[in-house]
Asks: 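Structure in structure tokens, see below.
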2 protein chains.
Amino acid sequence: MARIVMKFGGTSMAGIERIRNVAGRVKREAEAGNQVAVVVSAMAGETDRLVQLCREAAPLYDPREYDVVVASGEQVTAGLLAMTLQGMGLNARSYMGWQLPIRASGHAAALIEGIDVAVLERVFDDDGIAVIPGFQGVTSDGAVATLGRGGSDTSAVALAAAMKADRCDIYTDVDGVYTTDPRIVPKAKKLDFVTYEEMLELASVGAKVLQTRSVGLAMRTKMPVQVLSSFEDRPGTLIADEAAIEGQIMERNVITGIAHDRNEALITLVDLPDTPGTVAAIFGPLAKANINVDMIVQSVRQAGEASDLTFTVPNASLAQAVAELEKAKGKIGFKEIITNMEIAKVSAVGVGMRSNAGIAAQMFEALAERRINILAITTSEIKVSVLIPEEYTELAVRVLHSAFGLDAEADSAGAAA
Amino acid sequence: MARIVMKFGGTSMAGIERIRNVAGRVKREAEAGNQVAVVVSAMAGETDRLVQLCREAAPLYDPREYDVVVASGEQVTAGLLAMTLQGMGLNARSYMGWQLPIRASGHAAALIEGIDVAVLERVFDDDGIAVIPGFQGVTSDGAVATLGRGGSDTSAVALAAAMKADRCDIYTDVDGVYTTDPRIVPKAKKLDFVTYEEMLELASVGAKVLQTRSVGLAMRTKMPVQVLSSFEDRPGTLIADEAAIEGQIMERNVITGIAHDRNEALITLVDLPDTPGTVAAIFGPLAKANINVDMIVQSVRQAGEASDLTFTVPNASLAQAVAELEKAKGKIGFKEIITNMEIAKVSAVGVGMRSNAGIAAQMFEALAERRINILAITTSEIKVSVLIPEEYTELAVRVLHSAFGLDAEADSAGAAA
């Protein structure tokens, strides 16, 4: 007997037929003797619809009332799944965020502060199944709170941690985490295991299987998370810490996956004076405006001479960043701003990198062979990222996927494509 | 300054443009210095959609989970209206049934047990506006409860009574209560006043402006209810007790309105034995099966001889009623069952009837003149109902509307039509 959380995303809950399919999976786990709590998303498209209504109602809507509106999508699917499970003869009931309660602080992007499990323990003692709407909680003053888009993943992991579950299974419309985007590389392989750290790097640079926040929470609480398909009966990908998957790590590739991200824009400040305080004058205002600066490259010429500074910001923040910099132009002292949105970041990720020098060199070599120009480089302990012209994105991902030995054999490629 | 409840139905809340219109009306009342609580329905069609989802999920759905699902429609409109009001610069907030709380018992057709107004009093002290989803409450064990279709009217009246409001304004897609259905009689007039008793008779025999339950509650709590249009700026109909509208009653017609109802079916049991216990043997099983028997006519011939018994049941219960009677045939002893769904009930309603003998006679005479056959008659203190062949419904309604002097003058007829 295990204690598990099963989480189903919006595509899995889109319509009664799919909810019935979900109920079948829950039934199987319950009848295998497991204690099951189910976390559900709203039907695919429903949260978008509700958000759109809020925007139309008031462009600067109150986040508190926004939460009242958008939390309703998960309320509907939780009730529907509970009654479907009952119709299959199971002892199931829904519990809203305010009923457990799932204590949260803030609105629209609330943080989970804690989950009371007394109700759940009674449900399990009674051989029951609890169905819990994801994405929602209740504040200390009794208001509905929601966790931000994709928050149901975080709900599931937080619930699993609170109820000391053996694992948290995230059912979605893909069957796991891949070595890279299979739409770009048909030979991409599904990974059996991935560490939390790798998953964080893969998610934040473009792999959208899980909300990044939920991976961070799983890492902190050491909760093993399994990503698997709602629609197929195949093993998924287990996300856990290195220790938990130690037996397998011997056979793992040095590089686990290749990620890419087209959502960055490049800013170059031309002819900066070489005086102390220039860098602070640049990044201070951007930080104040909540603009996330990622890669930074400074080309210093001779001491005392002017130099250029290049860095990236999210596409969506480019206009605001330029405005902030123009405002501070007198203080910074640059001559010109050049911007470029036609760039992409491609990253090689893998915990094996720690014990393997030369990964960066191998990467630059593979790209140089195809004459792909590298605009900037950043590295972390388990990741090397390069900035390249956007038109080379797919080529670069394919080249690196091959170069690091990630391409699937011919027979398994069919399944992955 | 007055303390008022404003209730808006599904047509009034159908989409952001209409919600903005509703917000404008709320704003006007608030800026006139009134203390306002707003009760809202789900967007038109939304509750039907949610009920349909429940039916598809599980034909015999759990009423408790049904309530979780269907209560979401009002949650959405309450949040949207609150943020729209805020966008107009007003201090508004939504309060769900479980937040006030609105205490209720039962599921799917729950009864309101009480409403705590402490939160509302604080809102009013703070010059705030409370937006409350209709149709929902919370049970003593913390589950969501809904009041049954049309329940938002009852929510509004109960809330008005609890907060000792001066009146409860029900905004809907018609501009008041009419002397009869304007689709049948273009000369139907909007009534300025109608008593609770008249409204109950008019509602239960076919006028669908207000949920019958809400009228009963308004009568018991002596809450003046005003029915008026969300879309036009015209006075509506005030529903109150006779004392409250005494000044006007002098000028009122003896008959207030003509109602009709096509949802009844006639059952005739042929050749019943004239023995004690026969009537009990007939109506006992029907009562047990929760079948509502309305009009009853017994034609007694000579003492000791067999007679026929005729009565009506709702159309929807006819098949079940016949089955129950066939089961009890041996005990009852009738020879044959004849059924007829092609009937209609037409009623003249008015508190003035109490002091005016001869209304029934006047009614029969008017119908006889047009050769409309009367199949059965029932009377109450303020109502005379006749059962007629269905094909004569419109003619009978028009004839009675004229006979009792209800037709509008030419100039006001245009507005009513």
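Order of the sequence lines sets the chain letters (A, B, ...), proteins ahead of strands, with each chain counted from 1. Since we're looking at a predicted model, the values are computed, not measured.
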Asks: Any idea which heavy atoms bring S94(B) and V68(A) closest together, and the distance?
Replies: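 Taking every non-hydrogen atom into account, OG-CG2, 3.7 Å.
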Asks: V76(B) and S72(A): which non-hydrogen atoms are nearest, and at how many Å?
Replies: CG2-OG, 3.1 Å
Asks: For Q75(B), is it the side chain, the backbone, both or neither that has a heavy atom under 4.5 Å from a heavy atom of chain A?
Replies: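 Both the backbone and the side chain of Q75(B) come within 4.5 Å of chain A.
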Asks: Quick check on R93(B) against chain A: is it the side chain, the backbone, both or neither that has a heavy atom closer than 4.5 Å?
Replies: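 For R93(B), the contact with chain A is made by backbone and side chain together.
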Asks: Which pair of non-hydrogen atoms, one from A143(A) and one from Q99(B), has the smallest distance, and what is that distance?
Replies: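 Looking at all heavy atoms of both residues, the closest pair is CA-NE2, 3.6 Å.
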Asks: Nearest 0.5 Å, what's the CE-CG distance between M43(B) and L53(A)?
Replies: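 Those atoms lie 4.5 Å apart.
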Asks: Could you tell me which of M88(A), R20(A), R64(A) has the largest number of non-hydrogen atom pairs under 4.5 Å with chain B?
Replies: R64(A)
Asks: Return the option, out of A57(A), G87(A), A23(A), G73(A), with the maximum number of heavy-atom pairs under 4.5 Å with chain B.
Replies: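 Sorted descending by pairs with chain B, the first entry is A57(A).
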Asks: So, taking the atom named CE in M96(A) and the one named CE in M96(B), what distance separates them when rounded to the nearest 0.5 Å?
Replies: 13.5 Å
Asks: Go through the atoms of V144(A) and report whether side chain, backbone, both or neither lie under 4.5 Å from a heavy atom of chain B.
Replies: both
Asks: Rounded to the nearest 0.5 Å, what separates atom CG in L80(A) from atom CD in E56(B)?
Replies: 9.5 Å
Asks: Minimum heavy-atom separation for M83(B) and C54(A), please, with both atom names.
Replies: CE-SG, 3.5 Å
Asks: Using heavy-atom distances under 4.5 Å, tell me whether Y95(B) contacts chain A through its side chain, its backbone, both, or neither.
Replies: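 Contact with chain A involves no heavy atom of Y95(B) at all.
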Asks: At what distance, to the nearest 0.5 angstrom, does CG of L81(B) lie from CD of E65(A)?
Replies: 9.0 Å
Asks: Can you tell me how far apart CZ (R55(A)) and CD1 (I16(B)) are? Round to the nearest 0.5 Å.
Replies: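 Separation between the atoms: 12.5 Å.
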